[in-house]
Amino acid sequence: MTQLLRWYNRTLQNHPWKTQIFTTGFLMASSDVIAQTAIEKRNFKQIELQRVARFAFLGTCFVAPVLRTWYNVLEKSIGTLGKTAGLRKMMVDQVLFTPCFLGCFLSISGLLQLQPWTIIKAKIIKKAYTYIFIILLEYFEILKTNYMLWPGAQLITFYVIPLPYRIIFVSFVALLWNTYLASQANQSYSASS
């Protein structure tokens with residue numbers, strides 16, 4: 001384990017951007033595998049590889065770049081000095097960033113599920129108000145659950161974890177969170193198809 005940590009530290013120092021992106025993609029793919037096997041009770045032969053690939057893609061191309069940028073913005077705008085710097089970062093993160101991030105995440109996840117346009121159009125026309133209401137209910141349920149986990153995790157992130165290691169720390173905390181998100185995102189997809 002010590003060798004793995006040293007290797008990760010070296011790789012992070014030499015290639016911070018690539019390391020954070022690929023680590024996040026790998027951990028998000030892992031969380032979907034956990035969701036499919038532990039929550040949905042599928043055996044390994046029943047795992048939907050497209051779902052796993054979707055989550056890897058989301059982690060690599062959306063989550064890691066957005067989080068890296070966001071953490072740098074917080075670091076520059078709020079700084080690290082003072083006893084309340086971490087608390088202020090967490091509050092800004094949870095009040096301003098999280099609702100937008102979750103909305104974007106759920107939208108991109110839906111687009112990546114590649115439903116045919118005719119089905120999407122029919123659902124929008126036939127069930128527009130119901131669909132919007134269901135999406136809002138799902139969104140607020142996920143947001144409420146988010147507030148049970150992430151404020152505490154983000155306080156640790158902003159008070160204890162140095163900036164270069166924040167994405168990997170958050171990615172490990174996110175294994176649990178992404179497992180929940182994977183089950184919710186794919187549950188709503190299954191219910192709507």
Side-chain angles (χ1 to χ4, degrees), residues 1-32 34-35 55-109 135-185:
M1 185 67 155
T2 313
Q3 285 182 324
L4 180 63
L5 289 174
R6 273 192 243 134
W7 171 81
Y8 183 81
N9 192 36
R10 260 192 331 272
T11 307
L12 182 62
Q13 288 175 357
N14 294 333
H15 307 284
W17 182 233
K18 291 177 191 173
T19 303
Q20 291 170 339
I21 284 175
F22 290 118
T23 301
T24 305
F26 173 77
L27 289 172
M28 285 193 64
S30 300
S31 66
D32 189 62
I34 293 168
F55 260 74
F57 180 82
L58 278 166
T60 303
C61 298
F62 174 69
V63 175
V66 169
L67 286 183
R68 186 173 200 269
T69 302
W70 176 241
Y71 287 156
N72 284 325
V73 166
L74 281 177
E75 201 69 14
K76 288 177 184 170
S77 61
I78 295 177
T80 57
L81 300 177
K83 293 179 181 178
T84 62
L87 181 61
R88 286 181 291 155
K89 288 177 190 174
M90 184 275 295
M91 292 299 292
V92 170
D93 179 72
Q94 293 300 300
V95 172
L96 298 179
F97 176 76
T98 296
C100 297
F101 179 79
L102 281 177
C104 291
F105 178 89
L106 293 172
S107 298
I108 293 169
S109 178
I135 288 172
L136 286 174
L137 282 177
E138 288 174 358
Y139 172 76
F140 286 115
E141 183 63 32
I142 291 170
L143 188 61
K144 182 180 82 174
T145 306
N146 169 84
Y147 288 141
M148 292 178 191
L149 172 67
W150 284 106
Q154 291 296 58
L155 282 173
I156 293 168
T157 300
F158 297 130
Y159 275 115
V160 179
I161 308 298
L163 182 61
Y165 299 99
R166 287 183 184 161
I167 290 179
I168 185 68
F169 173 75
V170 167
S171 292
F172 273 106
V173 174
L175 256 174
L176 172 66
W177 175 247
N178 291 334
T179 300
Y180 168 75
L181 270 184
S183 68
Q184 291 302 303

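- In summary, the side chains of T157 and Q154 do present a donor paired with an acceptor at a separation below 3.5 Å, with no hydrogens or angles considered.
- One finds the OG atom of S171 at 14.5 Å from the OH atom of Y165 (value rounded to the nearest 0.5 Å).
- When side chains are defined from C-beta on, W177 counts as touching T145, because their heavy atoms get closer than 4.5 Å.
- Taking the side chain as every heavy atom from C-beta outward, P65 and W17 approach each other to under 4.5 Å.
- Contact of the Y159 side chain with the L87 side chain is registered, since non-hydrogen atoms from C-beta on lie closer than 4.5 Å.
- For Q94 against N146, the heavy-atom pair with the smallest separation is OE1-ND2, 2.9 Å.
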Stepwise side chain to side chain contact (heavy atoms under 4.5 Å, CB included) check, W150 with V173: CA-CA 9 Å; W150 284 106; V173 174; 3.7 Å; yes
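- You'll find the side chain of R166 stays beyond 4.5 Å of the side chain of F169, heavy atoms only.
- Here the side chains of R68 and P16 are in contact, with some heavy-atom distance below 4.5 Å.
- Counting heavy atoms of neighbouring residues, nucleotides and ligands inside a 6.0 Å radius, atom CZ of F57 does not exceed 12 of them.
- Side-chain N or O atoms of T179 include none that pairs as donor or acceptor with a backbone N or O of A35 at under 3.5 Å.
- Closest non-hydrogen pair, P151 versus M90, comes out as O-CG, 3.4 Å.
- Here L4 contributes atom CG and N9 contributes atom CG; the two are 11.0 Å apart, rounded to the nearest 0.5 Å.
- The ring-ring contact (aromatic ring centres under 6.0 Å, His included) test applied to F97 returns W70, F101, not counting sequence neighbours.
- The main-chain N or O of Q3 is never found under 3.5 Å from a side-chain atom of Y8 such that the two would form a donor-acceptor pair.
- Remark: K144 pairs with E141 by the salt bridge (Lys or Arg N to Asp or Glu O under 4.0 Å) rule, at least two apart or across chains.
- With rounding to the nearest 0.5 angstrom, the NZ atom of K76 is 9.5 Å from the CG atom of L163.
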side-chain hydrogen bond (donor to acceptor under 3.5 Å, both in side chains) assessment of T19 paired with T11: CA-CA 7 Å; T19 303; T11 307; 5.3 Å; no
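- In this structure, T23 contributes its side chain and I168 its backbone to no donor-acceptor pair below 3.5 Å.
- The CE atom of M28 sits 9.0 Å away from atom CZ of F62, with the distance rounded to the nearest 0.5 Å.
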Working for side chain to side chain contact (heavy atoms under 4.5 Å, CB included), residues L67 and T24: CA-CA 10 Å; L67 286 183; T24 305; 5.7 Å; no
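- Counting heavy atoms from C-beta outward, L74 and V92 have side chains that approach closer than 4.5 Å.
- Atom CG in L27 sits 13.0 Å away from atom CG in D32 (nearest 0.5 Å).
- Between L175 and F172 there is a side-chain heavy-atom pair separated by less than 4.5 Å.
- Rounding to the nearest 0.5 Å places OH of Y147 at 5.5 Å from OG1 of T98.
- A donor-acceptor pair under 3.5 Å is absent between the side-chain atoms of Q20 and the main chain of L12, judged by distance alone.
- In this structure, the side chains of K89 and T80 come closer than 4.5 Å at one or more pairs of heavy atoms.
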